[in-house]
Asker: 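Take this structure, written in structure tokens, and hold onto it; I'll ask about it next.
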2 protein chains.
Amino acid sequence: MSEKLSASLEDYIEAIAELAGSVGETRAADIADTMAVSRPSVTVALRALASRKLVNYRPYSTVSLTVEGKKLAAAVLRKHRILSRFFCEILGADEKLADSAACKVEHAIGEEITDRLVEFLAFIDNCPLAARGGFQYDSESRIEFREEVEKYGKN
Amino acid sequence: MSEKLSASLEDYIEAIAELAGSVGETRAADIADTMAVSRPSVTVALRALASRKLVNYRPYSTVSLTVEGKKLAAAVLRKHRILSRFFCEILGADEKLADSAACKVEHAIGEEITDRLVEFLAFIDNCPLAARGGFQYDSESRIEFREEVEKYGKN
DNA sequence: GACAAAAGTTAGAGGAGGCTAATATTACCA
DNA sequence: TGGTAATATTAGCCTCCTCTAACTTTTGTC
């Protein structure tokens with residue numbers, strides 16, 4: 001991947017990926033609308049992304065992601081999904097809150113934390129949780145817990 | 001609380017709280033050093049914080065937090081601790097990574113998510129987790145899981 | 001108590017992001 | 001095909017945060 005984008009540019013990449021969808025293209029106006037940002041701000045952002053070779057951009061034309069851009073978008077969207085699931089399913093937050101929190105946190109965590117969260121969710125999905133089981137959670141069982149979590153890790 | 005600080009100003013508040021410690025005072029140079037930032041940047045930040053009545057600041061003097069500032073610092077530090085614990089104890093991340101991730105994420109989550117995370121950690125601490133128990137985690141037990149977590153919630 | 005060192009501030013500049021108003025380009029339709 | 005509506009860009013401005021270089025104040029030592 002490239003040089004580590006700002007939160008703002010990651011948001012643009014994410015929005016473009018979602019708007020482009022299967023068609024693969026979108027327009028500046030749609031980006032501006034969904035991001036609640038002015039059109040000139042979009043122009044500036046697109047230039048920044050184009051200079052990093054993350055979008056195909058020519059003035060007065062439609063926008064699409066490059067291969068690199070798609071990779072980056074996928075990484076950001078993955079973080080978003082994982083976080084949203086965690087906030088919603090595990091912490092029990094409202095869907096809307098979970099989503100908006102994910103939107104902010106996705107720019108703040110790296111791949112390792114994300115991978116570990118995936119691992120953790122996989123664990124909870126497959127093997128959970130004796131709320132009723134009455135296990136005491138001392139420092140030893142904490143270590144066991146970790147080992148169990150790792151067994152369920154994949155992508 | 002006041003008007004919602006930027007991540008940057010929250011970092012300053014946090015650093016001041018930690019440096020001031022029990023003495024209650026610290027100096028601009030120490031802030032600059034621990035935050036790896038220039039002294040003029042500290043001056044600017046202190047003026048911004050003083051204008052929001054979060055620090056007691058007079059040129060060429062020491063710095064301390066106001067009552068409001070202390071409240072805000074406590075809120076940020078609480079988020080930091082909770083997140084760091086979660087990344088480290090639950091996700092199994094290295095202490096250093098857990099801490100640096102907490103440093104970023106603390107500015108991105110609100111009180112509700114934080115409260116829910118506290119609840120969740122309390123639950124894990126007290127009642128966990130039958131990795132060995134063999135409970136299946138279907139959509140029904142997910143709801144039960146949530147109910148159990150809530151029983152352990154407090155501050 | 002004077003003077004050097006340490007600490008702090010001012011001045012000036014730059015990057016990142018955002019906005020509005022004005023201008024340019026494209027697209028569509030009669 | 002010409003003209004208007006829609007779309008996009010440019011120009012100019014602002015805020016936030018950071019920096020270096022230069023200057024001022026405070027402190028501590030002889």
Side-chain angles (χ1 to χ4, degrees), chain A residues 2-16 19-20 23-65 69 72-73 76 100 103-104 106-108, chain B residues 2-16 19-20 23-65 69 72-73 76 100 103-104 106-108:
Chain A
S2 46
E3 272 299 301
K4 179 65 183 159
L5 286 198
S6 67
S8 167
L9 289 184
E10 278 188 5
D11 279 332
Y12 281 100
I13 280 273
E14 203 180 355
I16 294 166
L19 287 168
V23 184
E25 285 192 341
T26 187
R27 347 196 88 261
D30 297 330
I31 301 170
D33 290 349
T34 62
M35 294 186 68
V37 124
S38 73
R39 275 146 216 241
S41 299
V42 175
T43 302
V44 172
L46 289 177
R47 263 205 296 261
L49 292 173
S51 82
R52 290 169 171 78
K53 306 232 194 296
L54 298 171
V55 300
N56 301 117
Y57 165 69
R58 290 171 57 62
Y60 297 102
S61 176
T62 58
V63 185
S64 62
L65 293 173
L72 223 154
V76 176
S100 85
C103 244
K104 294 177 204 146
E106 69 194 10
H107 309 296
Chain B
S2 46
E3 273 298 301
K4 178 69 184 159
L5 287 197
S6 66
S8 166
L9 289 184
E10 277 187 6
D11 279 333
Y12 280 99
I13 280 272
E14 202 180 356
I16 294 168
L19 286 168
V23 184
E25 286 192 339
T26 187
R27 346 198 90 260
D30 297 330
I31 301 171
D33 290 349
T34 61
M35 293 186 67
V37 124
S38 74
R39 279 146 215 244
S41 298
V42 175
T43 302
V44 170
L46 289 177
R47 265 205 295 261
L49 292 173
S51 82
R52 289 169 171 78
K53 305 232 194 296
L54 298 172
V55 300
N56 302 116
Y57 165 70
R58 289 171 58 61
Y60 297 104
S61 178
T62 57
V63 185
S64 62
L65 293 173
L72 224 154
V76 177
S100 84
C103 245
K104 294 177 202 145
E106 70 194 8
H107 309 297

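These values consider heavy atoms only, across backbone and side chains, with no hydrogens, waters or symmetry-generated copies. Lettering of chains follows the sequences in order, A, B, ..., and the numbering in each one begins at 1.
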Asker: How close or far is atom P of C:dG8 from atom CG of B:L46, stated in whole angstroms?
Answerer: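 Nearest whole value for this atom pair: 9 Å.
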Asker: Would you say C:dA16 has OP1 or OP2 under 4.0 Å from some side-chain N or O of A:S8?
Answerer: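 A:S8 to C:dA16 OP1/OP2: no side-chain N or O under 4.0 Å.
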Asker: C:dG18 C1' sits how many Å from A:R47 CZ, rounded?
Answerer: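 So the CZ-C1' distance, A:R47 to C:dG18, works out to 14 Å.
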Asker: Sequence neighbours excluded, which residues qualify as side chain to side chain donor-acceptor pair (under 3.5 Å) partners of A:S6?
Answerer: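 Listed in chain order: nothing, the list is empty.
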Asker: Are any protein N/O atoms closer than 3.5 Å to N/O atoms in nucleotides 24-27 of chain D? If there are, list each pair with its distance.
Answerer:
none

Asker: Find which nucleotide of DNA chain C each of A:A7 and B:A28 is nearest to by heavy atoms, and output the residue with the more 5' nucleotide.
Answerer: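 Result: B:A28.
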Asker: Grab the two heavy atoms, one from A:A50 and one from A:V55, that are nearest each other, plus how far apart they are.
Answerer: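 It is N-CG2, 3.6 Å.
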Asker: Rounded to the nearest 0.5 Å, how far apart are CG of A:L46 and CZ of A:R58?
Answerer: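 Result: 14.0 Å between the selected atoms.
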Asker: Please round to the nearest 0.5 Å and tell me the distance separating atom CG of B:L9 and atom NE2 of B:H107.
Answerer: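 Answer for the CG-NE2 pair, B:L9 versus B:H107, is 10.0 Å.
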Asker: Locate the shortest heavy-atom distance separating A:I13 from A:G69; write the atom from each residue and the value.
Answerer: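 Of all heavy-atom pairs spanning A:I13 and A:G69, the closest is CG2-O, 4.1 Å.
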Asker: Between A:L65 and A:A73, which heavy-atom pair has the shortest distance, and what is it?
Answerer: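 That would be CD1-CB, 4.0 Å.
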Asker: With a 4.0 Å cutoff (strictly under), does any side-chain N or O of B:Y57 reach OP1 or OP2 of C:dT9?
Answerer: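 So the side-chain polar atoms of B:Y57 do come within 4.0 Å of the phosphate oxygens OP1 or OP2 of C:dT9, strictly under.
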Asker: Using whole Å, what does the distance between atom C1' of nucleotide C:dG8 and atom CD1 of B:I31 come to?
Answerer: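 Rounding to the nearest Å, CD1 of B:I31 and C1' of C:dG8 are 12 Å apart.
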Asker: Verify, without hydrogens or angle tests, whether A:R52 (side chain) and A:A48 (backbone) share a donor-acceptor contact under 3.5 angstrom.
Answerer: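 Judged by distance alone, yes, a pair lies under 3.5 Å.
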Asker: Mind running a 4.0 Å heavy-atom check of residues 32-45 of chain B against DNA chain C and sending the residues that fall below it, in number order?
Answerer: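 Residues of residues 32-45 of chain B that come under 4.0 Å of DNA chain C are, in numerical order, B:R39, B:P40, B:T43.
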Asker: Which part of the nucleic acid does A:R58 contact within heavy-atom distance under 4.0 Å: base, sugar-phosphate only, or nothing?
Answerer: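 Nothing: the residue A:R58, judged by heavy atoms under 4.0 Å, touches no strand.
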